[in-house]
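Only heavy atoms go into these numbers, but all of them, side chains included; no hydrogens, no water, no symmetry mates. A quick note: this is a predicted structure, and the numbers were derived from the prediction, not measured. Order of appearance sets the numbers: ligands from 1, and atoms from 1 within every ligand.
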Amino acid sequence: MAAITFSGVKKRYQKTDVVHGVDVEIEGGEFVVILGPSGCGKSTLLRMIAGLEDITAGTIAIDGKVVNALEPRERGCAMVFQNYALYPHMSVRQNIGYALKVAGMPRPEREARVTKVARSVSLEPYLDRKPGELSGGQRQGVAMARAMVREPKVFLFDEPFSNLDAKLRVAMRAEVRNLHRSLGVTSVFVTHDQTEAMTLADRLIVMNAGIVEQVGTPSEVYHRPASLFVADFIGSPAMNLLRGRLGEDGYFRHGRGGMIHLPELARQFVNRDVAIGVRPELIRRVASGTRGAVAAVVDYIEELGAARLIYADADGSPIIAVDNGNDALGTGMPIHLGFGEADIHAFATDTGRRLDEMEPERAPAASVSA
Ligand code: ADP
């Protein structure tokens, strides 16, 4: 099973740098998803693995062998695209088997391989149809079968499901996941859809503006975001982020005079401009006067059925809370919100990095000594 190693990988198009030095190790057999907003360089990174783009600086190695100078067909990668680009005049069977035919594989062997692959993506009954006689999901299945039939060392997926409707996307995700489980081929999947990423990935590579923000399992990225960007990008509704300053008196000051008592955090990071983050599902309504409670005013309520989202304003800082109550609650009503200090993620406002992961020498003194 092929491992993929990125070492100092950069990409420049004409005068624009779009990938700024990526160092990541993908293990053999892993399913890795590159996630990030549109334009952050995901597709470029994938295309550099495939050999469809030159690598401006650094190296990419597959199974320890640097592939920078290799032609795409010499790299053992198969790519599945969003626009599946099937040959419309050929049958499903011919589409899937085309690459093997070009490679000169004898017909009986070819037929056997095509049938086996078609079966694995539930397309055997459709082998004699033309792509025009298939549904979108089936066409995507043919595109996957066509990639699989070459028995590649690596599968590369470039937003393959963006053209499909929501229900089909979910079904295709399950299909890809099952395929990966049965074939175990190293896979790199690009998407800007966080749900797709979270459900598919063994590990995520979260990118922003040409840099890797974090590499980790979906759970690590969700529960311990390494940067302000990741904290804000992963999760729906998004993590609450309040910007302010931690004081020597143990209070965090934010918005228009809002104060939250956070003695533990203030002790460690006193006099720092920080953004503190709390997931909406970890915020609960508490009685006024509760220690550490944040006074807020309801902006509006969004009913979700199973729960409701409270959009509130706390002294100028917006806060979203997931609430399971069903009491009457409406715009303008005062509420008190509470959360545990241990549930807080804190980030340096200037660098965007997570405070408790910064090197001691990079973090200013945590206590003010007289
Ligand atoms: P993503 O896949 O994350 O949406 P891309 O890797 O496609 O992002 O693109 C990253 C950046 O590189 C974008 O700003 C895009 O405009 C730019 N870019 C992509 N391809 C080219 C190209 N062939 N020439 C110049 N700029 C490009």
When V92 is tested against each of D128, V114, V142 for side-chain contact (heavy atoms from CB on, under 4.5 Å), which residue passes?
-> V142
H336, NE2 atom: more than 12 neighbouring heavy atoms under 6.0 Å = yes
Can a cation-pi geometry be assigned to R146 and Y98, taking NZ or CZ under 6.0 Å from the six-membered ring centre and within 45° of the ring axis?
-> no
Are any of the side-chain heavy atoms of F155 and M144 separated by less than 4.5 Å?
-> no
Contact residues of ligand 1 (heavy atom under 4.0 Å), by chain and number = Y13, Q14, V18, P37, S38, G39, C40, G41, K42, S43, T44
Student check: side-chain heavy atoms of N95 and Y87 closer than 4.5 Å | yes
Answer yes or no: is there a side-chain heavy-atom contact under 4.5 Å between R75 and K153?
-> no
